[in-house]
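The block underneath contains the structure these notes are about, expressed in structure tokens.
What you see below is based on every heavy atom in this structure, not just the backbone, and it leaves out hydrogens, waters and symmetry mates. FYI, the numbering just counts along the sequence from 1.
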Amino acid sequence: MRLRVVAVGKPKLAYARLGVEEYAKRIGRYAPLEVLFVKEEDLLPRAEGHRKVVLDERGKLLSTEGFLRLLQGWEGEKVAFLVGGAEGHKEAVREAADFLLSLSPLTLQHELALLVLMEQLYRVLTLRAGHPYHRP
């Protein structure tokens with residue numbers, strides 16, 4: 001599986017920027033990963049040719065195990081995760097999604113949502129590799 005994270009704008013908050021960098025390094029040991037920071041109008045074009053997972057508060061809530069099963073169903077595919085900016089996604093982006101994913105019923109600041117996504121990707125990839133990272 002080839003992963004691409006496409007996010008609107010570069011993280012300005014230091015904790016988010018450093019966290020994304022750290023998890024990108026970790027994820028790279030388990031799967032090819034590209035992290036792209038784009039303008040809103042470039043979000044969909046940069047996900048072209050990939051299965052599109054759009055992070056959205058109206059999306060489906062999954063457990064970590066459910067997220068792992070979802071990704072396992074896409075083995076061998078290219079998967080792009082689309083993270084909106086401060087205003088969220090436009091309807092056209094939601095309509096183009098192959099899957100709408102909610103990270104929490106809480107409203108998350110977009111840079112924090114990006115960091116949570118990166119941590120969860122790392123977590124499911126370590127589980128996929130047989131590592132006992134997750135503790136129920």
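- For the pair M1 and A31, the tightest heavy-atom approach, listed with the atom from each and the gap, is O-CB, 3.8 Å.
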So Y23 and L117, side-chain contact (heavy atoms from CB on, under 4.5 Å) or not? Walk me through it. CA-CA 10 Å; Y23 281 110; L117 171 66; over 6 Å; no
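- Counting only residues at least two apart or in different chains, side-chain hydrogen bond (donor to acceptor under 3.5 Å, both in side chains) contacts with residues 66-92 comprise R51-E77, E75-R128, E91-R94.
- The hydrophobic cluster containing L43, built from Ile/Leu/Val/Met/Phe/Trp/Tyr side-chain heavy atoms closer than 4.5 Å, also comprises V6, V8, L36, V38, L44, V54, L82, V93, L100.
- If you take CG on L71 and CG on L3, they are separated by 7.0 Å, rounding to the nearest 0.5 Å.
- To the nearest 0.5 Å, the span separating CZ on R58 from OG on S102 amounts to 10.5 Å.
- Atom CG of L115 and atom CD of Q109 lie 10.0 Å apart (nearest 0.5 Å).
- In this structure, E111 contributes its side chain and K12 its backbone to a donor-acceptor pair below 3.5 Å.
- Between R123 and E119 a salt bridge is recorded (basic side-chain N to carboxylate O distance below 4.0 Å).
- F37 and Y15 end up in the same hydrophobic cluster when Ile, Leu, Val, Met, Phe, Trp and Tyr side chains are linked at under 4.5 Å.
- The distance from atom CG of L68 to atom CG of L121, rounded to the nearest 0.5 Å, is 11.0 Å.
- When each of V83, V35, L108 is paired with L114, the side chain to side chain contact (heavy atoms under 4.5 Å, CB included) condition holds for V83 and for no other.
- In this structure, L33 is not a member of the same hydrophobic cluster as L18, with clusters built from ILVMFWY side-chain heavy atoms closer than 4.5 Å.
- The side-chain hydrogen bond (donor to acceptor under 3.5 Å, both in side chains) search around E34 returns R4, not counting sequence neighbours.
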Test side-chain contact (heavy atoms from CB on, under 4.5 Å) on K52 and D98; report intermediate values, then the result. CA-CA 5 Å; K52 295 168 197 65; D98 294 299; 3.8 Å; yes
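- Separation of atoms CZ (F67) and CG (L127) is listed at 11.5 Å; rounding is to 0.5 Å.
- The shortest side-chain heavy-atom distance between K10 and R17 does not fall under the 4.5 Å cut-off.
- R2 places none of its side-chain heavy atoms less than 4.5 Å from the side chain of V79.
- Aromatic pair H131/Y30: centroids less than 6.0 angstrom apart.
- Note that the CG atom of L55 and the CG atom of L103 stand 4.5 Å from one another [nearest 0.5 Å].
- In the displayed structure, R29 atom CZ is contacted under 6.0 Å by more than 12 heavy atoms of other residues, nucleotides or ligands.
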